[in-house]
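Quantities reported herein were computed from a predicted structural model and do not represent experimental measurements. All values below come from the heavy atoms of this structure, side chains included, with hydrogens, waters and symmetry mates left out.
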Amino acid sequence: MPTDVILAENSLFSLGIHGETPMGSERMEMRKRQMSVQQESMAGGTAPTQQDPNQSQNQGNQNQGNQSQVNQRGNNACCFCWCCCCSCSWNEEREERNRRASYDLKAEGMGDCEDSPPPTLEEVRSWAQSFDRLMSCAAGRVAFRLFLCTEFSEENMLFWLACEEFTKETNKTSIEEKARIIYEDYISILSPKEVSLDSRVREVINKNMLEPSSQTFVDAQVQIYTLMQRDSYPRYMNSPAYKNLLNSLSEQAPEF
């Protein structure tokens, strides 16, 4: 840069400092940096280096990839801890157990629905005598479970059936594993299939889970059984589902 230009710029800068040409502090600092760069460039005879376009593109792609990973972790933030990833042990263990088998009930054979022969007319009539009669009949449990699905309370039957199978378990390792699965599926407040239990029973279960046994969920099973007997059973007896089944079997019955 010509010497007279540098002198002119220094003169303007000096005027700005003394107040004749007001300049903000930020503008002054920027001007100092520009002059310093220009002087170093003139002294060294080198121009500022330019970044390789390919290198710049690679860095841009890397930054986008890192940002994508951050966004993905943020979107998958788990609800059981404050971390921003879904690699916490609680989620990994739960997903692994769900892949092996949810204790969703394969009732008496542990299938989605119990395998049972079609009910007879006498059986269907006996269901109206008591809830115990209904629940002691495999076909009755199937029919009642289908009715509970229409009331969005199928989890009560699933939990009761899971407990029935659980009380038959004798292997300590299996008891501990199945107890955790039942707890996560039906007791945990995070489960969409959580059953309705009072605080006393929940406290008992939490204590029992410290050393699970085949009797861990006995109190809860009794409470859910009572709930179905008091609330859902009377509605089922008066429902079109039960009446239609009864009428259909009555029409098929031979006349004497």
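- Using modelled atom types, one side-chain atom of Tyr242 and one backbone atom of Val124 make a donor-acceptor pair closer than 3.5 Å.
- Within the 3.5 Å criterion, the main-chain N or O of Asn244 finds no donor-acceptor partner in the side chain of Ser248.
- Interatomic distance, CZ of Arg235 versus CZ of Arg230, reported as 10.0 Å (0.5 Å rounding).
- Going from atom CD of Glu176 over to atom OG of Ser213 covers 10.5 Å, rounded to the nearest 0.5 Å.
- Going from atom CD of Glu155 over to atom OG of Ser196 covers 9.5 Å, rounded to the nearest 0.5 Å.
- When all heavy atoms of Glu151 and Ser232 are compared, the closest pair comes out as OE1-OG, 3.9 Å.
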Worksheet entry | Test salt bridge (Lys or Arg N to Asp or Glu O under 4.0 Å) applied to Glu165 and Lys168, step by step | CA-CA 5 Å; Glu165 290 296 318; Lys168 302 174 185 177; 3.7 Å; yes

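- Following chains of ILVMFWY side-chain contacts shorter than 4.5 Å, one cannot reach Tyr186 starting from Val218, and the two form parts of different hydrophobic clusters.
- The cluster map of Ile, Leu, Val, Met, Phe, Trp and Tyr, joined by side-chain heavy atoms under 4.5 Å apart, puts Met237 and Leu148 in the same cluster.
- What you find for Ile189 and Arg202 is that their closest heavy atoms are CG2-NH1, 4.5 Å.
- Applying the ring-ring contact (aromatic ring centres under 6.0 Å, His included) test to pairs two or more places apart or on separate chains, those with a residue in residues 197-222 are Phe166-Phe217.
- Cluster annotation: Val204 and Met209 are assigned to distinct hydrophobic clusters (Ile/Leu/Val/Met/Phe/Trp/Tyr, side-chain heavy-atom contacts under 4.5 Å, transitive).
- Qualifying salt bridge (Lys or Arg N to Asp or Glu O under 4.0 Å) partners for Arg125, counting only residues two or more places apart in sequence or in other chains: none.
- Taking every heavy atom of both residues into account, Glu194 and Ile187 meet most closely at CG-O, 4.0 Å.
- The two residues Leu134 and Gly140 come nearest to each other via the heavy atoms CD1-O, 3.4 Å.
- In this structure a side-chain-to-backbone donor-acceptor pair under 3.5 Å is missing from Glu169 to Ser174.
- The minimum heavy-atom distance linking Gln223 with Leu197 is given by the pair OE1-CA, 3.2 Å.
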Discussion item. Quick one, Leu121 with Ser250, criterion side chain to side chain contact (heavy atoms under 4.5 Å, CB included). Give me CA distance, side-chain angles, the key distance, then yes/no.
Written reply: CA-CA 7 Å; Leu121 178 60; Ser250 298; 3.5 Å; yes

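- Judged by distance alone, the side chain of Arg133 and the main-chain N or O of Trp127 form no donor-acceptor pair under 3.5 Å.
- In this structure, Ile182 CD1 and Glu177 CD are separated by 11.0 Å, a value rounded to the nearest 0.5 Å.
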Worksheet entry | Derivation of the side chain to side chain contact (heavy atoms under 4.5 Å, CB included) call for Met157 and Met135 | CA-CA 10 Å; Met157 177 63 82; Met135 293 293 284; 3.6 Å; yes

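- To the nearest 0.5 Å, atoms CD1 (Ile175) and CD (Gln215) are separated by 9.0 Å.
- For the atom pair Cys149 SG and Arg145 CZ, the distance stands at 6.0 Å (nearest 0.5 Å).
- Looking at Gln221 and Glu164, their side chains come closer than 4.5 Å, going by heavy atoms from C-beta outward.
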Discussion item. Show, in sequence, the C-alpha distance, side-chain angles and deciding distance for Ile205 and Asp219, and conclude whether the side chain to side chain contact (heavy atoms under 4.5 Å, CB included) test is met.
Written reply: CA-CA 8 Å; Ile205 292 175; Asp219 290 347; over 6 Å; no

Item to complete: Please assess Tyr236 against Thr150 for the test side chain to side chain contact (heavy atoms under 4.5 Å, CB included), listing each intermediate value before the final yes or no.
Response: CA-CA 11 Å; Tyr236 176 59; Thr150 66; over 6 Å; no

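- Ring geometry for Tyr233 versus Phe144: interplanar angle over 60°, hence perpendicular rather than tilted (30 to 60°).
- Few gaps surround CD on Gln129; more than 12 heavy atoms of other groups in view lie less than 6.0 Å from it.
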